[in-house]
Amino acid sequence: MTSVEQLREIARELRIESLRMIHAAGSGHPGGSLSAAEIVACLYFRILRYQVGRPDDPSRDRFVMSKGHAVPVLYAALAKAGCIAREELKTLRRIDSRLQGHPDHVRLPYIEAATGSLGQGLSVAVGMALAERLDSKNNYRTYCLLGDGELQAGQVWEAAMAAGKFGVGRLTAVVDYNKVQLDGHVRTVMDLEPLAAKFEAFGWNAVQVDGHSVEALLDAFAACEAEAGKPGVIIAHTVKGKGVSFMEDTHAWHGKAPNGEELERALAELEAA
Amino acid sequence: MGKATRAAFGDALHRIGSTHPRVVVLDADLASSVGTKKFADAFPQRFFELGIAEGNMVGIAAGMALGGLTPFVASFACFLTGRFEQIRMSIGYNNAGVRVVGTHCGIGIGEDGYSQMGLEDIALMRSLPNMVVIQPGDAVEAEKATEFLADYVGGPAYLRLTRQALDDVNGAGYRFEFGKAVELRQGQDLEIVASGGVLAEALKAAEKLSKEGISAGVLNLHTIKPIDAEALQKAASRTGRILTVEDHGVAGGIGGAVVEALSEMRGVAIRIHGVHSYGESGTGSQLYAKHALDAAGIARVASDFLRSDARHCGGAA
């Protein structure tokens, strides 16, 4: 089992790979990839059950990255896990690549659902969880990573309401609550608070954690999984652009690729951390 | 008068329920209107009431399809196309095998007026590269099409149904062949291409025209996508004139699909006949008369088409 120490190290690697990829592509979304690094590291190296080379295994756990623009950190995790070749990361956003600018289920089998139009992933995840319940021999769990900005979309709350109504137990959502979206701070664009209370009101078990603490995240996943017959949400408080001082807590780096000099500065900070 | 295609769909779905354990049905507070109530009563474990939240219903159905089930989502066509963004991303782009069933299509729904009329659904649905589009023209065809979709494995599909009862066009022994247009009547002067609510009217119009000395063929285009280009080309080369008739907006509907299919063919005149405005209230038959979608109206449009085409070509009709 991957240790907490190893997970921390993996999160650092995922950040480095994400920035290299986005730099090579010349476009992409560094801020949301960096904030989600620990969450994705925990999922792919501790929580999710899956087999490398068998993306269609019916009993694999399902992961829907609803905040599709953060897909570089997911591609980095898939490469680190051995699902795709590390070389392939260089093809991000290039013509004919499986690594589309936003997740593509048909081109890349390890992607469970296409996302990128925000607000839709939780519905799809609820559908997957309901399918598992009807056909429980596969016995999988479904996970969904949401951005905070996309919680402004009404469909997320329609999905939350439905998951609560149906008591979808084998479903864990994680909110990468980095507090910044494209136009600025979430609280000024359209505040979400009180966020945990909103999910709880829809019948969810909500846990709030420091989203950069691997230990706290692992405990939160365990807490959500322990709650039978109830969907769980981990509200992971994170920092947009985490790990790179000039990218932290600013919307300027939501969707902009670093140039060569900026990449070097960023990598130096991440490697020294 | 036969049954509404929505009712026929509901009956077929109910039958399919016992033979297809992976079929699930999703509803947004319209089960009794769209025909899924019988399935809901018989298979409550496989019926999901999502409330008035169609976007979420579409997304959940996509997840269910990706999870190995065969979901049917049914609502008024206008409420489904209103969630086109969810249909294109969560169903279409994922190639998720969801059967999207749009009922209450066209001005034929009558008094409820435009807000409840599906008049843009063919245009939107057929714009998605992998979306199949089927529009049955009577009850038996609706049942057969529903049965076909229960076993269809090619990806997403759209089934377009009517609120109003339709005259029977096909006999009880009718065999539905996916993608194959059905020649209901052969003609020499023009071919009327239609499906759905106006199909029986088109047949009656052809009958009327024959009394005026005009020989009109009728092609039942129940599968709008993939379109039967071969049958269309055959009809076009025989008659040189295609009149498309549909209870749908004139932009992007069956007419558009036919024009696309025949775009490289020379010497064919095509007229697109359908709904040119937002819908409105009235009885279904009043609206069909007003918009020239009843037999008399279609016949009128057909003879006008023949006259204008004859003038243009300088030849005899």
Side-chain angles (χ1 to χ4, degrees), chain A residues 56-64 66 68 100 102-109 111-138 140-142 144 153-166 168 170-171 202, chain B residues 17 20-29 43-73 75 79 82-100 128-131 154-156:
Chain A
D56 295 327
D57 174 12
S59 67
R60 72 194 185 278
D61 283 343
R62 311 297 156 101
F63 171 64
V64 177
S66 191
Q100 293 287 296
H102 289 78
D104 183 322
H105 165 71
V106 174
R107 282 187 174 84
L108 183 58
I111 297 294
E112 296 290 355
T115 50
S117 177
L118 293 173
Q120 299 188 32
L122 188 58
S123 299
V124 175
V126 171
M128 288 174 174
L130 284 169
E132 187 274 340
R133 190 155 84 179
L134 272 188
D135 196 7
S136 55
K137 70 178 192 316
N138 288 332
Y140 60 77
R141 285 193 66 92
T142 305
C144 181
Q155 190 184 339
V156 175
W157 301 102
E158 295 176 5
M161 204 178 339
K165 166 186 166 169
F166 292 114
V168 185
R170 300 176 65 76
L171 172 69
F202 285 126
Chain B
H20 292 68
R22 289 182 171 275
V23 164
V24 292
V25 175
L26 289 80
D27 177 48
D29 196 37
F43 309 101
Q45 299 302 311
R46 289 188 276 140
F47 177 81
F48 297 85
E49 174 60 76
L50 278 316
I52 304 164
E54 290 82 3
N56 181 47
M57 173 170 72
V58 163
I60 288 183
M64 286 174 157
L66 295 172
L69 300 176
T70 305
F72 282 78
V73 298
S75 182
F79 304 143
R83 278 70 189 176
F84 183 64
E85 165 54 17
Q86 285 81 352
I87 293 174
R88 76 180 264 280
M89 268 305 295
S90 291
I91 294 179
Y93 193 36
N94 278 321
N95 199 36
V98 177
R99 288 81 172 112
V100 182
L128 298 175
N130 54 351
M131 181 74 82

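Per chain, numbering begins at 1; letters A, B, ... match sequence-line order.
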Measuring heavy-atom distances to chain A, does B:Leu66 have an atom under 4.5 Å in its side chain, in its backbone, in both, or in neither? both
Under-4.0 Å salt bridge between A:Lys165 and B:Glu49: no
Any side-chain heavy atom of A:Glu112 sitting closer than 4.5 Å to one from A:Val124? no
So what's closer than 4.5 Å to chain A heavy atoms on B:Val24: side chain, backbone, both or neither? side chain
Interface moiety of A:Ala113 toward chain B, non-hydrogen atoms closer than 4.5 Å: both
Determine, stepwise, if the pair B:Glu85 / A:Gln120 fulfils side-chain hydrogen bond (donor to acceptor under 3.5 Å, both in side chains). CA-CA 9 Å; B:Glu85 165 54 17; A:Gln120 299 188 32; 3.1 Å; yes
Is a side-chain N or O of A:Gln155 found less than 3.5 angstrom from the main chain of B:Gly55, in a donor-acceptor match? yes
Region of B:Arg83 that comes under 4.5 Å of a non-hydrogen atom in chain A: neither
Does any heavy atom of chain B fall under 4.5 Å from the side chain of A:Thr142, the backbone, both, or neither of them? neither
Tell me, out of B:Ala62, B:Gly59, B:Gly51, who's got the most heavy-atom pairs with chain A below 4.5 Å. B:Gly59
Winner by heavy-atom pair count (cut-off under 4.5 Å) against chain A, out of B:Leu26, B:Leu50, B:Asn56: B:Asn56
With a 3.5 Å distance limit and no angle check, can you tell me whether A:Arg170 reaches the backbone of A:Tyr140 through a side-chain donor-acceptor pair? yes
Heavy atoms only: give me the nearest B:Arg99-B:Gly155 pair and the separation to one decimal. NH1-O, 3.9 Å
For chain A, find which of B:Ser90, B:Ala96, B:Gly68 contributes the most heavy-atom pairs closer than 4.5 angstrom. B:Ser90
What part of B:Ala53 lies closer than 4.5 angstrom to a heavy atom of chain A: side chain, backbone, both or neither? both
A:Arg133 side chain to A:Phe166 main-chain N or O, any donor-acceptor pair under 3.5 Å? yes
